[in-house]
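The first residue of the sequence shown is numbered 1, and numbering continues consecutively from there. Computed from a predicted model, the values in this text were never measured in an experiment. All ligand and atom numbering here is 1-based and tracks the order in the structure. For the numbers below, each heavy atom of this structure counts, side chains included, while hydrogens, waters and symmetry mates do not.
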Amino acid sequence: MNIGIIGAGFTGLATALSLVRRGHNVVVLEKESYPGGLAVGFQEKGWEWSLEKHYHHWFTNDTSALGLAGKLNWEVVIKRPKTSIFFQDSLYQFDSVSSVLWFPKLSPVEKIRMGFVLGLLKFNPFWKPLEAYSTSQVLAKAMGQSCFDTIWNPQLVLKFGDYAAQISLAWFWARIKKRTQHLAYPKGGFLMFAQELTNQIRKEGGKVLFDTTVLNISSENAVSVEMQSKKIHTQRSFEKLLVTVPSALFLQIAPQLPSEYQKKLKDLRGLGSINLILRLKKQFMRDKTYWLSICDLNSPATAIVEHTNFMDKAHYNNEHIVYVGKYLDPCHPFFLKSADELLDLYDPFLKKINKDYRKNIINYHVFKSPFAQPVIPKYYSRILPPFKTPLRHVFLSNIQQIYPWDRGTNYAIQEGEKAAELICAS
Ligand SMILES: Cc1cc2nc3c(=O)[nH]c(=O)nc-3n(C[C@H](O)[C@H](O)[C@H](O)COP(=O)(O)OP(=O)(O)OC[C@H]3O[C@@H](n4cnc5c(N)ncnc54)[C@H](O)[C@@H]3O)c2cc1C
């Protein structure tokens, strides 16, 4: 079959590799100049490895991602980096039973209740009944209001903003269930890994076209795709087409979709992401924290991630790399702010963690993605968009179909491989 795929993120690339291996003619159309989608990276002069525009790692139970790395003979680095929380202007390690027992801001009873609830979620295999409840309601009741207000509510609000109270317990269950203390990272970074995947697809006969933006798709007996590459307008026909872009973008390029279906996709909510990357001469979190969750509702950031407290700084010309991450509604005015403006806004908060960091700055960059995190309300399984679309021979596999697991490259790869099977069977 002659199959088109829109998007060279991990869903599109994983589907393409599976399809070429089944003997199909595959063309991937990607508007950017590099593969990787939301996990795309960049490389500064003197750096041996690429770095993601938005922080990324795998868990050690991300079997689809690790399996793909294995198939490509791609080395994966596994380490146990430190995870901490920021509470009342101090950092506290918060990634093991003993570190939680040492945390001075919860009473012993609160710690027992919290441990019991997290343990129940970790060992419970059934997520479906949980989607009837909201995370906030259950955690506040089961762990106690004070524990919820100290640890969990700030994290939910800083991540989901006005949607925080709506987030399904099934989503929280998945976060707890999947978390591993050891984390994994592809050698060279996600960009280099995606480039290797692209090379493999090409080696096995597939095509991956960069700088190619799909403008319109329509479907009758075959699927017709209008696209633009380097200001040249072209049209191509495919027997089947897989769309991997977020639903809002799918609506823009497929005006033929029936209005009822359009409404369903429009009702899905999502948040964008802004990451300010600081390149420093010295370590930012001197206690070696890699991941800092923020438990302070006044914080301007959702999380701080010091990548070089996980991966060796030698790969980045001995620079210390820190992400200041924030999730926001895509219409939020922060999306219009420059790196300088954002740094000025974050500065008082960053100084609480390291008062001298500013004099160690080599450079800084900001990266923004308008669609980064689906909002998962109660009963999401009822509104999750299906793989088959109303357009004949057009299928959808995107970030908003990952459920109950939190979206990630592992699930992009898993769903991509499943999409290849479904397309062949269709
Ligand atoms: C802040 C942040 C942190 C994250 N952390 C992690 C993590 O630690 N671990 C992890 O595994 N995952 C993480 N993720 C999630 C992960 O990046 C995504 O789940 C995954 O990359 C989604 O892949 P995808 O292929 O489904 O979609 P995308 O990556 O969005 O790919 C869609 C592709 O379609 C292209 N496209 C869009 N419109 C068009 C068009 N009209 N024509 C042609 N091409 C088009 C886009 O350029 C893009 O390349 C994180 C994401 C963010 C934003």
Check Arg358 with Asp347, please: is the shortest side-chain N to carboxylate O separation under 4.0 Å? yes
Determine whether the aromatic ring centres of Tyr185 and His307 lie less than 6.0 Å apart.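 They qualify: ring centres under 6.0 Å apart.
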Listing request: all ring-ring contact (aromatic ring centres under 6.0 Å, His included) pairs with a residue in residues 24-51, at least two apart in sequence or in separate chains. Phe42-Trp47, Phe42-His365, Phe42-Phe367, Trp47-Tyr316, Trp49-His315
Would you please name every residue forming a side chain to side chain contact (heavy atoms under 4.5 Å, CB included) with Ala301, sequence neighbours left out? Ile294, Ser299, Val324
Going by side chain to side chain contact (heavy atoms under 4.5 Å, CB included), name the residues that satisfy it together with Lys177, two or more places apart in sequence or in a different chain.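 With neighbours one apart ignored, the set is Trp173, Trp405.
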Between ligand 1 and the protein, which N/O pairs are shorter than 3.5 Å?
from	atom 1	to	atom 2	distance (Å)
ligand 1	5 (N)	Tyr55	O	3.1
ligand 1	8 (O)	His57	N	3.0
ligand 1	8 (O)	His57	O	3.3
ligand 1	9 (N)	His57	O	2.7
ligand 1	11 (O)	Thr409	N	2.8
ligand 1	11 (O)	Thr409	OG1	2.5
ligand 1	12 (N)	Thr409	N	3.3
ligand 1	14 (N)	His56	NE2	3.1
ligand 1	17 (O)	His56	NE2	2.7
ligand 1	19 (O)	Gly408	N	3.2
ligand 1	25 (O)	Phe10	N	3.1
ligand 1	25 (O)	Thr11	N	3.0
ligand 1	25 (O)	Thr11	OG1	3.2
ligand 1	26 (O)	Thr11	OG1	2.6
ligand 1	29 (O)	Leu38	N	2.8
ligand 1	41 (N)	Val214	O	3.1
ligand 1	42 (N)	Val214	N	2.9
ligand 1	44 (N)	Lys31	N	3.2
ligand 1	47 (O)	Glu30	OE2	2.6
ligand 1	49 (O)	Glu30	OE1	2.6
ligand 1	49 (O)	Glu30	OE2	3.2

Distance check, rounded to the nearest 0.5 Å: Leu51 atom CG versus Ile321 atom CD1?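 Reported to 0.5 Å precision, the distance equals 5.0 Å.
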